[in-house]
Structure formats: C-alpha cells, structure tokens
Amino acid sequence: LSVCLLAASPHSRADVRLPKSTFTTDRMEEALKTAKEQKKPVAYLYTNTATTCPLAAGVTEGFLEAVGKRCVLVYLTVAAPVKEALEKGKFYPKLVLTASDGSGAQCFTYEAYQADSKKAAREIKRQIIALAKKQS
C-alpha cells in the first residue's frame, strides 16, 4: 500500500535529464550549423523535462536512447521550425526528426511509442539513417 501511495503522491518527480550536447531553440543556428558540419540529422524533442508523469519521462528517455549520438538534439521551447509535425499526438513527449535544412519533418509521438516501443525505436533509427544518407 505504501508503494502505491508514493507512486500517486503529487510530489513525486520523474525529471528528465537531457544530454549536455543538447541545443535549445535560442541556439538553433548553431545547432543547424553543427548538424551540417557533422553530417547528422536533427532531432527536435518537444517535452516537459520537469514532468511528474513517469510514463512521459520513460518515453522521453526512450526517444533519447533511440536518437543517441547519431543526431544533433534540439530541445524545443518554441516549436516554430517543426510546428506542423508537432500537431500529431495529444501527449508529451514528441520527437521530430528533420534533415539539417529542416526538410522531411517526421513526428514520433508518445502514443505510438507506448503502443509499441520497440517498433517506434526501430522506426526512429531507420529515419535517422535515411536522413543521414541524404546529407552525406
């Protein structure tokens, strides 16, 4: 019973830690320049890092693991470059992958990840490979 109470506590946190190499939207130009120089796709992550939801935190961690160091990661505080793609899905987190020029936006949603995390991770990695090949 005490475990259930702790899990339901409004004070329980599931904070997400982003990698140190993560860019924020105020450094977007630098992120895109880095992506071009390193010939990597760009992954835009739209989430609440201070979430109290362990499910959302778990999906964010899954997205971060799928992306790894194969992309330049941009944590979106404003979703301007990928706004249309972010209209998919109802819940956070959302991950959007694009080429370094912003083309080919594809959104991966919380709902899709929760439905089949292995399939979603494979699709994220497949998209990263496809985008990286276009930039080579």
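We number each residue from 1, following the sequence as shown.
Taking every heavy atom of both residues into account, Ser100 and Ala35 meet most closely at CB-CB, 3.7 Å. When all heavy atoms of Ile128 and Ala66 are compared, the closest pair comes out as CD1-O, 3.9 Å.
Atoms OH and SG, on Tyr44 and Cys107 in that order, are 13.0 Å from each other to the nearest 0.5 Å. If you take CG on Leu131 and CZ on Arg70, they are separated by 12.5 Å, rounding to the nearest 0.5 Å.
Among residues two or more places apart in sequence or in another chain, the side chain to side chain contact (heavy atoms under 4.5 Å, CB included) test is passed with Lys119 by Asp116, Arg122. Evaluation of the ring pair (Phe, Tyr, Trp, His ring centres under 6.0 Å) rule for Phe63 yields Tyr113 as partners, not counting sequence neighbours.
Judged purely by atom type and a 3.5 angstrom limit, Thr25 has no side-chain atom pairing as donor or acceptor with the backbone of Met28. Between the Lys94 side chain and the Lys88 main chain, a donor and an acceptor come within less than 3.5 Å of each other. Distance alone, capped at 3.5 Å, is enough to place a donor-acceptor pair between the Thr60 side chain and the Ala56 backbone. A distance-only check finds a donor-acceptor pair linking the side chain of Glu111 to the backbone of Lys90 [under 3.5 Å]. In this structure, Lys134 contributes its side chain and Ile129 its backbone to no donor-acceptor pair below 3.5 Å.
In this structure, Pro41 and Thr98 have side chains that are not in contact, with every pair of non-hydrogen atoms separated by 4.5 Å or more. The shortest side-chain heavy-atom distance between Glu123 and Arg126 falls under the 4.5 Å cut-off. Taking the side chain as every heavy atom from C-beta outward, Thr22 and Val74 never approach each other to under 4.5 Å. The side-chain heavy atoms of Leu97 and Cys71, taken from C-beta on, include a pair separated by under 4.5 Å. With a 4.5 Å cut-off on side-chain heavy atoms, Thr34 and Phe23 count as touching.
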If you apply the rule side-chain contact (heavy atoms from CB on, under 4.5 Å), what do you find for Leu73 with Leu64, and how did you get there? CA-CA 9 Å; Leu73 181 64; Leu64 291 173; 3.5 Å; yes
Apply the test side-chain contact (heavy atoms from CB on, under 4.5 Å) to residues Val16 and Thr47: give CA-CA distance (whole Å), side-chain angles for both, the deciding distance (0.1 Å), then the verdict. CA-CA 9 Å; Val16 175; Thr47 192; 5.7 Å; no
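Around the CD atom of Glu65, the shell of radius 6.0 Å holds no more than 12 heavy atoms that belong to other residues, nucleotides or ligands. Atom NZ of Lys125 is surrounded by more than 12 heavy atoms from other residues, nucleotides or ligands within 6.0 Å.
Salt bridge Glu30/Arg27: present, at least one basic N to carboxylate O contact under 4.0 Å.
The cluster map of Ile, Leu, Val, Met, Phe, Trp and Tyr, joined by side-chain heavy atoms under 4.5 Å apart, puts Leu55 and Leu95 in the same cluster. Under the 4.5 Å side-chain heavy-atom criterion for Ile, Leu, Val, Met, Phe, Trp and Tyr, Phe91 and Tyr75 are members of the same hydrophobic cluster.
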